[in-house]
Amino acid sequence: MRITGMYVTPLAITDPPLRNAAGLHAPYALRNVVEIVTADGIYGLSEVPGGAAVTGDLEAARDIVIGRDPYHLGAISLGLEERFCAGESGWSGRRKARVFGAIEVACLDIVGKATGRPVVDLLGGKVRDHVPYAAYLFFKHAGAGGALGFKSDPAAAGWAAARQAAALTPEGVVAQAQAMCTKYGFTSLKLKAGTLDPEVEVATIFALREAFGAETPLRIDPNGVWSAETAIRLGRRMEGVLEYYEDPVHGQEQMAAVGQELATPLATNMCTTWFDDIPGSVRLHSEDIILMDHHGWGGLRSSMELARICSTVGRGLSMHSNSHLGISLAAMTHLAAAVPNLTYACDTHYPWQSEEIVTGDSLEFVDGGLPVPSEPGLGVELDRAALAALHETYKACGLTRRDDAIEMQKVEPGWQYRQARW
């Protein structure tokens, strides 16, 4: 089997005005779709974060990939290493991991289609038939994003209405959570914090506890912008309420200091995000749970290696998410189904997105999670008309990178990101 083509398509997808520690989501989120084609007409897909820099990195890898066998992922990885990671001006290991991960997922999709097996079987086989996901809650401004900007559809109901409504108070977030859980069946809740006064954010956690009961796991993620003093003080108040406490402070040393003062497990997708970070994590015990992301950890097989390390060093494991479409969701689900020590429901932004580039109904949430696709490969097929339309949106929107600070400045003039804001 031989690869004859690699195509990279940058996309812009509608994204609501969701607040986070870095600012505010723009009306569009950027993604890149990679399609790899073989001489016998099999195509494989992957999806990665967007932006012109990522697109350029992927394009630069094309001649390393074409002519290779999609089974020979080790040779492709070595080719990328030799070409791009040598010398001071070369790619970092993390940039290479992102590019290789995109290529690997598409190649595994091809291999699965060629052998008639789902990708989960190429990772060792599924250990669960159903992958649980959590409701991802945000403080947000009114509007659904995209060309409509901050406008809303007054005829919308249910989750469609909640997706457009402002939610800048505990009551607004509770209503958002109720609508999302009613539609998707989620049984775990995560609140993106680090954007309003911490007292408001903690009050929102207690409002969710009151609305959903003690049996519903709750998480809060301030994205590292609380001081250690604030994180400890508020963490003590929330002990017995949180399932885990995600990145309340910045960096492994501060995380370790906070963790020593609290009984609540600490989770991260900020202080331990690459294999080079593992020694510091073990030495300091900077977290109890690592939130893996195959887009950044070098692909699906590399994420399986991370899972084994977590088992060895006593870390819990779950999954990080950013704004994404169905190709990423399918890959995430295959990975989560194969990981024996997945200990918490996975994050997903998917309910916030309103567009799709894959066909079929294999990615419909059931009881708060996804059944593992059983079709060959990732189990999704590309909707080429939708892909072309979102590529045109990318060209028209003018965005080439994510910058949440610029968008926040439209709402709060002069706003600037600050570490340890509170």
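These numbers were taken from a predicted model, which means no experiment stands behind them. Positions are given from 1 along the sequence.
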Set of salt bridge (charged side-chain N to carboxylate O under 4.0 Å, His left out) partners for E82, sequence neighbours left out
none
Among all residues two or more places apart in sequence or in another chain, which pass the salt bridge (charged side-chain N to carboxylate O under 4.0 Å, His left out) test with R308?
none
Do R315 and S281 pair up side chain to side chain, a donor and an acceptor below 3.5 Å, judged on atom types alone?
yes
Report the residues that fulfil side-chain hydrogen bond (donor to acceptor under 3.5 Å, both in side chains) with Q176, sequence neighbours left out, ordered by chain and then residue number.
none
T204: which residues meet the side-chain hydrogen bond (donor to acceptor under 3.5 Å, both in side chains) condition with it, sequence neighbours left out?
none
Partner of L378 by side-chain contact (heavy atoms from CB on, under 4.5 Å), out of L108, V120, V119, V358:
V119
Could you check whether S286 and E253, counting side-chain N and O atoms only, form a donor-acceptor pair closer than 3.5 Å?
no
Residues forming a salt bridge (charged side-chain N to carboxylate O under 4.0 Å, His left out) with R128, sequence neighbours excluded:
none
Determine, for F100 and K96, whether the Lys NZ or Arg CZ falls below 6.0 Å from the six-membered ring centre while staying within 45 degrees of the axis.
yes
Side-chain donor-acceptor pair present, D277, Q252, cut-off under 3.5 Å:
no
Test log, rule salt bridge (Lys or Arg N to Asp or Glu O under 4.0 Å), inputs E375 and R117
CA-CA 7 Å; E375 297 85 356; R117 305 303 293 260; over 6 Å; no
Taking atom types as modelled, find out whether E35 and T9 have a side-chain donor-acceptor pair closer than 3.5 angstrom.
no
Would you list the pairs meeting side-chain hydrogen bond (donor to acceptor under 3.5 Å, both in side chains) in which at least one residue belongs to residues 260-269, sequence neighbours left out?
R236-E261, D247-T268, N269-H320
Distance to the ring centre below 6.0 angstrom and angle to the axis at most 45 degrees; does that hold for K190 and Y133?
no
